[in-house]
Amino acid sequence: DYVVTYIVGETVDPLIDEIDADLRDRGLEPSDREYFRDFYDAVRDLTVLDPAMGSGHFLTKATGYLTEQVMSVVREQEIQSYDEQDIRRDISKEVIYGVDLNGMAVELAKLSMWLETLAADQPLAFLDHHLKTGNSLVGSDITEVLSEDDGDDDGGQLTLTQAFARVRRDTLEHVMELMSDLLAFDNDNLESVKSMEELYDEIREDPLYTRLFELANVHTAEEFGVDVPEDAYEQMAGAIEDESDWGEIEGEDWFKSAQATADEQDFFHWELEFPEVFFDVDGEKLAGAGFDAVVGNPPYAKIPTELRDAMNPEIANDLYTQFMARCTEITRHEGFLSFITPISWESGPHYTSIRELLFDSGSLHSIVNLPYDVFADAYVDTGMFSWQKGIDSQHCLVTDLSGTRQSPEVALENLTLESVPTEPWRELGFIALNTAWISLYDRIGDRDTVGDHTDSLRGVLVTDDA
């Protein structure tokens, strides 16, 4: 729980500070009634995601954390008309997002959120629009699909691109209208919950919306070896607005194979699943498209063989680094990403690409390498990092507790962070948390190292139970 609390704080606190600073710049103080109204609205506009949510631990913690931020203003102003559980419920249905490959985990996450927001006089809140089942790593961005031109700039391709863009815009504009109606429900009585269920089903069954999913499925299925004809996208562009023409597309073997592959691999198309995070009410891409905060504990296993062709080939063969890479894409500009992961990405020779990606597309805000035994049933050195997209900072707050046997909980309660320059990391090609290491590497220079003349292997691990 202490790790979850730390990571949530690392991502949420800067967002709250940003909201507070904007309001103070407008001349508002926390004691002003207008401050509370605008503060609460801004909090409800935030988007917090766990892309591998499991049973929802990070999401319930984020819900409680944000609720407490709002309640602190309520208490300061002694406002009587706002109930804490109502605020908690609003945040859960408007701010919190989660995805998991395991359908049972998604249901458990919903249960966790229901318990977090339970109220004696209200039904269980509708959460299907924000907590979903799918493979977070396998899918296509619809804007990427609809802008593909294969390097061909002729007039026909321009027409194809424009046709796709118009269909996407018109369809998403319609979907966004329905989503606005969905979020307008109070979600506080049985009738409104039932209405939300019915409207959400209507949204998911919308013919054009469904066809956009099917089109994205074709695009992603190519990464799994589905043979798609060269003119497939031109065919779909010409047929997507006509039920009869689309019916002919649905009869094609390549199309049916693509949809079957999508079902088998649980494709998850972020922009289509959560359009309100990426598009405005007119169906146009938002300037600040993406999630404000992405948190979690992604899986540490190697990439399954059947998924390797669909993964980013430049990133190491680990699921956790693939999650890191994918989440840099779906985090908004100046948004925050914070995970607990193995620390191998910091200096391992196979992780150069993920380090360069983090350096080039933003700045590492903090790195905390944890003591042993964070996970009692797994021998792996872990650490927490937070990263901000699109920001060029020259320093990072760090501490290295790896190799120590102190309680991680006690260590985090008494945490001391050192600000270190990050430019040497680029020069070294890896992350060195101790400035003394950087000095040592400078002294070694181009001289031979032990690794140049020897090979080293990990020996047999002996545990207390052995």
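- Looking at Ile315 and Met311, their side chains never come closer than 4.5 Å, going by heavy atoms from C-beta outward.
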Report task. List the steps, then state whether salt bridge (charged side-chain N to carboxylate O under 4.0 Å, His left out) holds for Asp318 with Lys302. Result -> CA-CA 4 Å; Asp318 296 284; Lys302 295 295 183 182; 3.1 Å; yes
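- Counting heavy atoms from C-beta on, the side chains of Arg75 and Glu68 come closer than 4.5 Å.
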Query raised in the report: Would Thr220 and Ser140 count as a side chain to side chain donor-acceptor pair (under 3.5 Å) if you check the C-alpha gap in whole Å, the side-chain angles of each, and the deciding distance to 0.1 Å?
Result: CA-CA 6 Å; Thr220 306; Ser140 297; 2.6 Å; yes
Query raised in the report: So Asp38 and Arg26, salt bridge (charged side-chain N to carboxylate O under 4.0 Å, His left out) or not? Walk me through it.
Result: CA-CA 11 Å; Asp38 292 355; Arg26 290 167 46 195; 2.6 Å; yes
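- A centroid separation of less than 6.0 Å is found between the aromatic rings of Phe255 and Trp246.
- Of the possible donor and acceptor atoms, none in the side chain of Asp50 sits under 3.5 Å from a partner among the backbone N and O of Leu59.
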Report task. Could you walk me through whether Val8 and Asp13 pass the side chain to side chain contact (heavy atoms under 4.5 Å, CB included) test, one step at a time? Result -> CA-CA 8 Å; Val8 168; Asp13 280 346; over 6 Å; no
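- Ionic pairing of Glu214 and Arg211 is not present here: no N-O contact between side-chain nitrogen and carboxylate oxygen is shorter than 4.0 angstrom.
- Under a 4.0 Å N-O distance rule, the pair Glu252/Lys256 does not qualify as a salt bridge.
- With a 4.5 Å cut-off on side-chain heavy atoms, Glu197 and Asp128 do not count as touching.
- A donor and an acceptor atom, one from each side chain of Ser366 and Ser386, are located under 3.5 Å apart.
- Remark: aromatic rings of Phe213 and Phe267 are distant, center separation not under 6.0 Å.
- Ring-centre distance between Trp270 and Phe268: below the 6.0 Å cut-off.
- Counted within 6.0 Å of CG on Asp206, heavy atoms from surrounding residues, nucleotides or ligands total more than 12; the atom is thus considered enclosed.
- Proximity of Glu76 to Val73: side-chain heavy atoms (C-beta onward) are nowhere separated by under 4.5 Å.
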Query raised in the report: What's the verdict on side chain to side chain contact (heavy atoms under 4.5 Å, CB included) for Met384 and Val368, showing C-alpha distance, side-chain angles and the deciding distance?
Result: CA-CA 5 Å; Met384 303 176 295; Val368 176; 4.1 Å; yes
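- In this model, a donor atom of one side chain and an acceptor atom of the other lie less than 3.5 Å apart for Asn369 and Glu346.
- Here the side chain of Asn135 pairs a donor or acceptor atom with the backbone of Leu137 at under 3.5 angstrom.
- Using modelled atom types, one side-chain atom of His130 and one backbone atom of Ile96 make a donor-acceptor pair closer than 3.5 Å.
- With rounding to the nearest 0.5 Å, the separation of OG1 in Thr321 from CZ in Arg355 is 11.0 Å.
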Requested in this report: Decide yes or no on ring-ring contact (aromatic ring centres under 6.0 Å, His included) for Trp345 and Tyr320, but give the supporting numbers first.
Outcome: CA-CA 9 Å; Trp345 71 270; Tyr320 84 87; 8.1 Å; no
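- Side chains of Val106 and Met53 form a contact here, defined as non-hydrogen atoms less than 4.5 Å apart.
- At a threshold of 4.5 Å between non-hydrogen side-chain atoms, the residues Phe385 and Leu337 count as touching.
- Remark: the backbone N or O of Asn312 is paired with a side-chain donor or acceptor of Gln322 at under 3.5 angstrom.
- A side-chain N or O of Glu271 and one of Thr143 form a donor-acceptor pair less than 3.5 Å apart.
- Other residues, nucleotides and ligands contribute at most 12 non-hydrogen atoms within 6.0 Å of the CD atom of Glu314.
- In terms of the salt bridge (charged side-chain N to carboxylate O under 4.0 Å, His left out) criterion, residue partners of Asp141 (sequence neighbours excluded) are, by chain and number, Arg326.
- Summarising the geometry of Ala216 relative to Leu272, their closest heavy-atom pair is CB-CD1, 4.2 Å, with the distance given to 0.1 Å.
- Here the side chain of Asp32 pairs no donor or acceptor atom with the backbone of Tyr35 at under 3.5 angstrom.
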Requested in this report: Would you please test Trp114 and Phe126 for ring-ring contact (aromatic ring centres under 6.0 Å, His included) and show each step?
Outcome: CA-CA 9 Å; Trp114 284 329; Phe126 179 78; 9.7 Å; no
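- Here the side chains of Val228 and His219 are not in contact, with every heavy-atom distance at 4.5 Å or above.
- Aromatic rings from Tyr97 and Phe274 are positioned such that their centres are separated by under 6.0 Å.
- The number of heavy atoms from other shown groups lying within 6.0 Å of CG (Asp17) is above 12.
- No side-chain N or O of Ser338 forms a donor-acceptor pair with one of Thr11 less than 3.5 Å apart.
- Looking only at distances, no side-chain donor or acceptor of Thr331 sits under 3.5 Å from a matching main-chain atom of Thr328.
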Requested in this report: Start with the C-alpha gap between Lys110 and Glu107, add the side-chain angles, then the distance that decides, and say whether salt bridge (charged side-chain N to carboxylate O under 4.0 Å, His left out) holds.
Outcome: CA-CA 5 Å; Lys110 290 178 186 176; Glu107 295 307 312; 3.3 Å; yes
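- Under a 3.5 Å cut-off, the side chain of Thr60 and the backbone N or O of His57 do form a donor-acceptor pair.
- Atom CD of Glu250 has more than 12 heavy atoms from other residues, nucleotides or ligands within 6.0 Å.
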**Report entry** Verdict with reasoning, Asn317 to His350, per side chain to side chain donor-acceptor pair (under 3.5 Å)
**Finding:** CA-CA 9 Å; Asn317 185 31; His350 300 298; over 6 Å; no
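- Note that CG of Leu199 is 12.0 Å distant from OG of Ser192, once rounded to the nearest 0.5 Å.
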Report task. Could you give me the CA-CA distance, side-chain angles and deciding distance for Tyr40 and Phe36, then say whether ring-ring contact (aromatic ring centres under 6.0 Å, His included) is met? Result -> CA-CA 6 Å; Tyr40 189 25; Phe36 169 74; 5.8 Å; yes
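- Minimum heavy-atom separation, Ala232 to Trp254: CB-CH2, 3.8 Å.
- For the pair Asp245 (side chain) and Asp242 (backbone), a donor-acceptor distance under 3.5 Å is absent.
- Panel note: side chain Ser363, backbone Ser393; a donor-acceptor pair is recorded below 3.5 Å.
- Rounding to the nearest 0.5 Å gives a distance of 7.5 Å between CG of Leu172 and CD1 of Ile142.
- Between Glu273 and Arg204 a salt bridge is recorded (basic side-chain N to carboxylate O distance below 4.0 Å).
- For the pair Arg24 and Asp20, the salt-bridge criterion is met [side-chain N within less than 4.0 Å of a carboxylate O].
- Around atom CD of Glu306, more than 12 heavy atoms belonging to other residues, nucleotides or ligands sit under 6.0 Å away.
- Residues Tyr65 and Phe58 place their aromatic rings such that the two centres sit no closer than 6.0 Å.
- A donor-acceptor pair is defined here as one N or O able to donate and one able to accept, closer than 3.5 Å; no such pair exists between the side chain of Thr5 and the backbone of Tyr2.
- Under 4.0 Å is where a charged nitrogen must lie from a carboxylate oxygen, and between Lys132 and Asp100 no such pair does.
- Between Phe336 and Val12 there is no side-chain heavy-atom pair separated by less than 4.5 Å.
- Under a 4.0 Å N-O distance rule, the pair Lys389/Glu334 does not qualify as a salt bridge.
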